[in-house]
Each structure stands twice: as structure tokens, then as C-alpha cells.
2 protein chains.
Amino acid sequence: MDTAELARAIGERVRAARAERGLTLGALARSSGIGKGSLSEIEHGSRNPNLSTLYALAGALAIPLAALLAETAGAEIAADGIRARLLDVEEGPDAVVEVYRLDLEGGVEHRSGAHGPGVVERVLVLRGRVTAGRDGARRTAGEGELLTWVSDVPHGYRADDAGAVAVLTVTTPRA
Amino acid sequence: MDTAELARAIGERVRAARAERGLTLGALARSSGIGKGSLSEIEHGSRNPNLSTLYALAGALAIPLAALLAETAGAEIAADGIRARLLDVEEGPDAVVEVYRLDLEGGVEHRSGAHGPGVVERVLVLRGRVTAGRDGARRTAGEGELLTWVSDVPHGYRADDAGAVAVLTVTTPRA
DNA sequence: CACGAGTGTTCCATGAACGGAACGGTAGCA
DNA sequence: TGCTACCGTTCCGTTCATGGAACACTCGTG
């Protein structure tokens with residue numbers, strides 16, 4: 001991703017956030033103190049805004065600056081009915097633990113092949129009910145409950161019809 | 001926090017990252033394609049760099065742009081021997097769940113007063129051993145284990161001597 | 001149809017961020 | 001002590017991002 005692409009991505013996020021809030025370009029210009037022309041070009045990605053402009057913009061839209069500029073492309077895995085966003089990576093002496101936020105649409109099955117030996121997955125349910133685990137040994141957890149399995153064989157996740165949100169941790173032992 | 005403060009904070013982060021990597025200002029200038037003078041002033045916070053400059057800088061330092069610009073002040077709670085970094089907030093229909101990464105130094109006790117009624121805390125241990133819970137009803141969990149308690153009374157956390165890392169979720173019911 | 005009030009885009013003079021050159025300071029070395 | 005090499009800071013001419021004005025366009029209204 002180069003700067004032009006990033007500028008375009010930021011522009012899209014700004015326009016989406018503005019639309020979400022029902023603001024016109026002029027209204028956002030007034031509340032942020034940024035020129036209407038500047039805003040227009042920022043939304044099109046044809047500007048190279050400086051820090052104060054970005055900061056004022058994020059403030060007026062009530063978005064964290066980091067969220068406005070995130071290069072989430074690589075950190076976000078999205079498929080039909082499932083979205084996994086990397087929140088954190090803990091590099092311990094014996095293992096690396098990745099922490100994801102998992103958004104599961106209702107009723108959609110997500111399958112995953114076998115991972116390396118010793119890889120353990122854990123799902124801590126935040127909202128809804130999740131059925132997950134190794135093929136043939138699925139279990140179900142409700143809010144606040146934890147599912148654990150060794151994922152060296154094919155496995156999968158599924159939410160109740162209402163959908164679910166969970167924290168997924170993937171623990172990979174060091175080679 | 002205004003723009004000047006943010007610029008100063010970013011400058012400090014840049015200088016720290018550069019020192020960590022053992023780079024001189026000139027070397028970083030060459031690898032990032034940014035002028036040496038610009039870099040010097042950015043590190044002092046006396047510049048208002050634009051997007052392409054920030055992006056090139058983050059790239060040369062191998063830091064995510066979002067991390068360079070994060071306004072972590074509000075999202076990070078740091079005290080003696082404990083650090084809690086907000087990873088995510090899930091706003092469900094019945095409750096709001098905050099997800100934190102918890103870093104606990106060995107042997108240090110962290111106490112917390114009572115929260116509102118119905119607030120539930122959960123600790124999923126990623127590394128080490130954690131003893132936590134309501135006063136008088138502490139329990140201990142090792143890697144991959146989960147501790148849960150209702151935090152409407154004083155409670156606390158403590159890691160083994162080696163320290164620990166965990167995911168903490170705080171579930172607050174909607175009023 | 002004319003008009004006013006709104007939209008978002010394009011244009012422009014000004015001021016500031018840019019890269020690079022010049023500078024003072026320090027360390028190593030003959 | 002003279003020389004070289006490199007450090008980080010300050011300065012400077014050029015380039016470009018800025019806010020605001022001018023603009024084209026779309027509605028709703030009389």
C-alpha cells in the first residue's frame with residue numbers, strides 16, 4: 001500500500017463516517033474548522049493532509065485518529081458471515097498468542113483446516129452462543145463461557161441464528 | 001490533547017523507536033526518504049507533518065501508522081506493575097463489553113474498588129498464572145484458563161512471580 | 001420560470017512543510 | 001593540533017496543503 005492508496009482509503013472512511021452521522025460537507029467543515037474544499041479533496045483521496053488537519057477531522061467525527069489511519073487490510077480476515085480482526089499479539093518465551101475479535105453471523109458455518117501441531121484455539125464468548133471445536137467434538141458456549149480445543153485437525157465455528165461476538169486466541173508453540 | 005501535544009508525543013515515539021533500532025538521524029533520513037531537517041523537527045514536535053511523511057516514517061521504522069499516532073492516553077491504564085490496554089469495545093443490545101490486554105508484573109497486587117451492579121469481569125490467561133477475584137474468594141488460573149467474577153465488590157489481581165499476560169473483559173449491563 | 005438555499009467541486013493567494021545545504025559540536029586518529 | 005567523519009540543528013528556496021471564494025448543480029417554493 002502506498003500513500004495514494006492510503007489517502008483513498010482514509011477518504012472513503014471519512015465519507016462513510018460523515019454519511020453515518022448525516023452531516024453535509026459544509027457542516028463538517030464548520031464543526032472541524034477545516035475548509036470545505038480541503039474536505040472535498042480529502043474525501044477523494046487527492047490530498048496529502050497534515051497532522052493537525054487529520055486530528056481535527058478525527059475529532060469532529062468522534063473517531064480515534066488511529067482508527068481513521070489504520071491499515072487494517074492485513075490484520076482483518078473477512079469471509080462469508082465471519083470477520084476476524086487481530087487485536088493483539090503476545091510473544092511469550094514458549095508460545096505466540098494472537099488475540100482476535102470474532103464476529104459471527106447467525107447460522108453461518110466457518111470451517112478451518114488443521115494447523116500446526118500444538119496449536120490451541122480458545123473462544124471466549126462476549127455475546128450470543130457459539131458452537132465450535134474439532135470436527136466430531138463440537139461444544140457450545142454462551143456469554144462469558146470459554147471453549148478450548150487443539151486445532152491440529154480440521155475444526156469450525158458456528159453461531160446461533162442471532163449471531164455472536166467472541167474473543168478468539170490462537171496459541172502457537174515456538175518451534 | 002491538542003495538535004501540539006500530539007506532535008510532541010509522536011516525536012517522542014519516533015525518537016524512541018529510532019534509538020531502539022540504533023539508527024542515526026541521517027540513516028533514518030536516507031532509509032525513509034525524508035529530509036534530515038524535517039526529521040529533526042518532527043522529533044521535537046515542531047512540525048505538522050503530512051500523511052505521506054508520516055507514512056514513510058512509520059514504514060522505515062516498521063511501526064504501524066496507527067501505533068505511531070495512537071492517542072493511547074485514555075485507552076491505556078498504567079499503574080505500578082500493571083498495564084491495561086483497551087483492545088476493543090463490543091456494544092451489544094444488553095451490555096457493553098470492553099476487552100483489555102492485561103500485563104501484570106510478578107508479585108504486584110492490583111486492587112480495584114466495587115463497580116456498578118451487574119458488572120462482570122473475566123480474565124483469560126495467555127501467559128503465566130493469575131490469582132484474581134472478589135476479596136475473600138480469589139482463585140488461580142494458568143495459561144488458557146478463565147476466571148470470572150461479579151465485580152460489584154472490591155476485587156483484585158495478582159500474577160505469579162514471573163509475571164503474566166491476560167485478556168480481561170469487563171461486561172457492563174445497559175442501564 | 002425565477003429565485004433562494006442548499007449541495008459538493010474547482011480555483012487561488014498565502015503560508016507552511018518539504019529536501020538539502022550549511023553549520024557548530026564531538027570523537028577518533030596521526 | 002590539524003584533519004576527517006559523523007552527529008544533530010538551523011536555515012533557505014521550492015513546492016504544495018490550506019481556507020475561502022467562486023462556481024455549477026439540484027431542489028423546493030411562489
Side-chain angles (χ1 to χ4, degrees), chain A residues 1-63 65-71, chain B residues 1-63 65-71:
Chain A
M1 155 129 53
D2 64 347
T3 305
E5 270 179 79
L6 178 61
R8 231 171 304 136
I10 292 172
E12 279 171 31
R13 261 169 266 169
V14 169
R15 179 149 293 190
R18 179 166 67 83
E20 232 171 66
R21 288 158 182 71
L23 292 172
T24 69
L25 210 145
L28 181 56
R30 248 171 293 127
S31 75
S32 65
I34 298 172
K36 209 161 55 144
S38 305
L39 271 183
S40 173
E41 292 190 21
I42 288 170
E43 289 193 352
H44 281 100
S46 58
R47 271 272 175 114
N48 187 6
N50 63 24
L51 181 62
S52 60
T53 300
L54 290 167
Y55 184 69
L57 188 50
L61 290 170
I63 295 177
L65 183 56
L68 195 61
L69 304 190
E71 310 131 283
Chain B
M1 156 133 50
D2 64 346
T3 305
E5 270 178 78
L6 178 60
R8 232 171 302 137
I10 292 172
E12 279 171 32
R13 261 170 265 169
V14 169
R15 179 150 293 189
R18 179 165 67 83
E20 232 171 65
R21 288 158 183 71
L23 292 172
T24 69
L25 210 145
L28 181 57
R30 246 171 294 125
S31 74
S32 65
I34 298 172
K36 210 160 53 143
S38 305
L39 270 183
S40 174
E41 293 191 20
I42 287 170
E43 289 192 352
H44 281 100
S46 58
R47 272 270 176 115
N48 187 5
N50 62 25
L51 182 62
S52 60
T53 301
L54 289 167
Y55 185 69
L57 188 50
L61 289 169
I63 294 177
L65 184 56
L68 194 62
L69 303 191
E71 310 130 282

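FYI, side chains are in, hydrogens and waters are out, and symmetry mates aren't considered; it's all heavy atoms of this structure. Protein chains get the first letters and strands the later ones, always in sequence-line order, with residue 1 at the start of each. Since this is a predicted model, take the numbers as computed values, not measurements.
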Undergrad: Is the side chain of B:R13 donor-acceptor paired with the backbone N or O of B:A67 at a distance under 3.5 Å, no angle test?
TA: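 Such a contact is found between B:R13 side chain and B:A67 backbone.
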Undergrad: Quick one: what's the B/S/- string for nucleotides 9-29 of chain D, heavy-atom cutoff under 4.0 Å, read 5' to 3'?
TA: BB------SBBB---------
Undergrad: Given 3.5 Å as the limit, does a donor-acceptor pair link the side chain of B:N48 with the main chain of A:N50, or not?
TA: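 Not confirmed, B:N48 side chain does not pair with A:N50 backbone.
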Undergrad: Drop me the distance from A:T3's OG1 to A:R8's CZ, to the nearest 0.5 angstrom.
TA: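 Those atoms lie 11.0 Å apart.
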Undergrad: State whether the side chain of A:R18 and the backbone N or O of A:L23 hold a donor-acceptor pair below 3.5 Å, judged by distance alone.
TA: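 Yes: the side chain of A:R18 pairs with the backbone of A:L23.
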Undergrad: Between B:R15 and B:L25, what is the shortest heavy-atom contact and its length?
TA: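 Nearest heavy atoms, B:R15 then B:L25: NH2-CD1, 4.4 Å.
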